[in-house]
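Below is one structure; the comments refer to it alone.
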Amino acid sequence: MASPRNGSPTRALVLGGGGAVGVGWQSGLLTGLREAGVELAGADSIVGTSAGALVGALLSSGREVTDALVSLAALGQGIDPDGLAAGDEAFLRTMRQASVHTDARQALREIGRAAQEASTPTEDLYLGLLGTLDGTAWPARFRCTAIDADTGELVVWDEGSGVSLLHAVAASCAVPVLFPTVTIEGHRYMDGGILSHLNATAAPPTDVLVVLSCHPLGSEGTGGGGSLAASLTPDAELAPLRQIRRVVAVEADFTGIEAPANMMDPNLAIEAFHIGRQQAATEAVAIQAASEF
């Protein structure tokens, strides 16, 4: 466990994946927490995966997290709702097909091939949807995850990686088959949430780990079982970390959103934003208490 600084415990913040709905919920929760006096922008480390990569990049840059909603608006204008729904279903189908492999790396390579062969918007168009990050310098405390589409390897980028923030976040958010893979230094990358919605182990050692999960902590991921690590529940992923540090995990409460919900639907993001903002009132106490000795 890391040593407290000036008597205050060190903190890492993990922002998980969850599509457009997850972006809205995390933005709302962080906004509500700040209003309640709990400011997570000052965490010693911020790790983002997929939706959490976009929100985390803004938060660690000192930007308003609500700027993420601008990207969602661009998504809604750039890709029609039917196209998003069809792409999301194609992604889930690809995940189910790949999960039959007994080797996780083989399954990820299969998904990577499907992602590169799929008919998607162009890479330039996709990068344009995240234009709010264009020109933003890499924040010193921020880490971002993605998966190499050819090798299936999980990568974690930080300030020293020499990768542009825009490209790294776009790669982390690149849902296979729905969005194009993103080219970085000759390699093609896709959504970092395929292995794990959280990638909490990418956070450096700290006294406190605050986790914002867009998926229920006890739920299986999109892997559909099989070899994919995304079939592991967030609770199971966090269990070893709870043995060595304080973990405060907050899960989204989307019971107010009519099921079945398309997590990629930007039209649901505002509703999710308000849900997150309301949740903050009850979650603020637990997060604050974990940060005190």
Side-chain angles (χ1 to χ4, degrees), residues 1-2 5 9-18 22-23 26-27 29-30 39-63 65 67-68 71 108 130 132-149 151-175 182 184-185 187 189-215 229-230 234 237-238 240-241 244-250 287 291:
M1 191 173 283
R5 299 175 307 170
T10 54
R11 294 186 302 177
L13 172 65
V14 171
L15 300 163
V23 169
Q26 290 180 346
S27 299
L29 185 70
L30 290 166
E39 181 56 83
L40 293 180
D44 298 270
S45 179
I46 296 175
V47 179
T49 290
S50 200
L54 174 57
V55 177
L58 294 169
L59 183 70
S60 54
S61 297
R63 300 265 302 275
V65 291
D67 285 352
S71 294
L108 290 168
L130 298 171
T132 185
L133 293 176
D134 195 15
T136 301
W138 193 288
R141 297 168 291 111
F142 180 62
R143 298 183 180 190
C144 176
T145 69
I147 294 174
D148 188 309
T151 68
E153 179 185 3
L154 176 71
V155 297
V156 182
W157 291 304
D158 59 18
E159 183 186 24
S161 299
V163 176
S164 83
L165 185 65
L166 170 61
H167 282 76
V169 171
S172 188
C173 294
V175 178
V182 174
I184 298 176
E185 297 179 350
H187 291 262
Y189 294 95
M190 59 184 179
D191 197 316
I194 302 172
L195 267 179
S196 162
H197 292 311
L198 300 178
N199 290 309
T201 55
T206 54
D207 298 294
V208 180
L209 184 67
V210 179
V211 177
L212 306 187
S213 177
C214 304
H215 298 271
E237 180 184 351
L238 294 175
L241 298 175
I244 56 176
R245 64 178 80 178
R246 300 182 189 180
V247 176
V248 181
V250 180
I287 294 174
S291 300

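Only this structure's heavy atoms are used, side chains among them; waters, hydrogens and symmetry mates stay out.
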Per-pair distances, 0.1 Å, donor-acceptor, side chain in residues 47-55, under 3.5 Å, sequence neighbours excluded:
unit_1: Thr49; atom_1: OG1; unit_2: Thr145; atom_2: OG1; d: 2.7
unit_1: Thr49; atom_1: OG1; unit_2: Asn199; atom_2: ND2; d: 3.0
unit_1: Ser50; atom_1: OG; unit_2: Asp191; atom_2: OD1; d: 3.2
unit_1: Ser50; atom_1: OG; unit_2: Asp191; atom_2: OD2; d: 3.0

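- Using a distance-only test at 3.5 Å, with no hydrogens or angles considered, no donor-acceptor pair links the side chain of Gln26 to the main chain of Leu15.
- Aromatic ring orientation, Tyr189 versus Trp157: perpendicular (interplanar angle above 60°, classes split at 30° and 60°).
- For the residue pair Leu130 and Ala170, the shortest heavy atom distance occurs at CD1-CA, 3.4 Å.
- By the 4.5 Å heavy-atom criterion applied to side chains, Arg11 and Leu40 are counted as neighbours.
- Heavy-atom minimum distance, Val23 versus Ala68: CG1-CB, 3.5 Å.
- Pairing each heavy atom of Gly192 with each of Leu154, the nearest pair is O-CD1, 4.3 Å.
- Counting heavy atoms from C-beta outward, Glu237 and Ser196 have side chains that approach closer than 4.5 Å.
- Side chain of Arg143 to backbone of Ala202: a donor-acceptor contact under 3.5 angstrom is found.
- Taking 4.5 Å as the limit, every side-chain heavy atom of Val156 sits out of range of all side-chain heavy atoms of Cys144.
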- Message: Run Trp138 and Ser60 through side-chain contact (heavy atoms from CB on, under 4.5 Å) and show every step you take.
- Response: CA-CA 9 Å; Trp138 193 288; Ser60 54; over 6 Å; no

- Could you give me the CA-CA distance, side-chain angles and deciding distance for Val250 and Ile287, then say whether side-chain contact (heavy atoms from CB on, under 4.5 Å) is met? CA-CA 9 Å; Val250 180; Ile287 294 174; 4.2 Å; yes

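- Between the side chain of Ser172 and the backbone N or O of Ala168, no donor-acceptor pair lies under 3.5 Å.
- Side chain of Arg141 to main chain of Gly42: no donor-acceptor pair is present (N/O by atom type, distance under 3.5 Å, no hydrogens or angles).
- For Asp67, the salt bridge (Lys or Arg N to Asp or Glu O under 4.0 Å) partners are Arg63, not counting sequence neighbours.
- Using a 4.5 Å cut-off on side-chain heavy atoms (C-beta onward), Leu108 and Leu195 make contact.
- Remark: Ser161 pairs with Asp158 by the side chain to side chain donor-acceptor pair (under 3.5 Å) rule, at least two apart or across chains.
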- Task: Take Ile147 and Glu153 through the side-chain contact (heavy atoms from CB on, under 4.5 Å) test and state the conclusion after the steps.
- Result: CA-CA 5 Å; Ile147 294 174; Glu153 179 185 3; over 6 Å; no

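- Between Ser61 and Leu165, the closest side-chain pair of non-hydrogen atoms falls below 4.5 Å.
- Side-chain N or O atoms of Asp44 include none that pairs as donor or acceptor with a backbone N or O of Thr10 at under 3.5 Å.
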- Task: Apply side-chain contact (heavy atoms from CB on, under 4.5 Å) to the pair Leu209 and Val248, showing each step before the final yes or no.
- Result: CA-CA 6 Å; Leu209 184 67; Val248 181; over 6 Å; no

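- Between Leu13 and Leu59 the shortest side-chain heavy-atom distance falls below 4.5 Å.
- Taking the side chain as every heavy atom from C-beta outward, Leu212 and Leu30 approach each other to under 4.5 Å.
- With sequence neighbours left out, Ser45 forms a side chain to side chain donor-acceptor pair (under 3.5 Å) with no residue at all.
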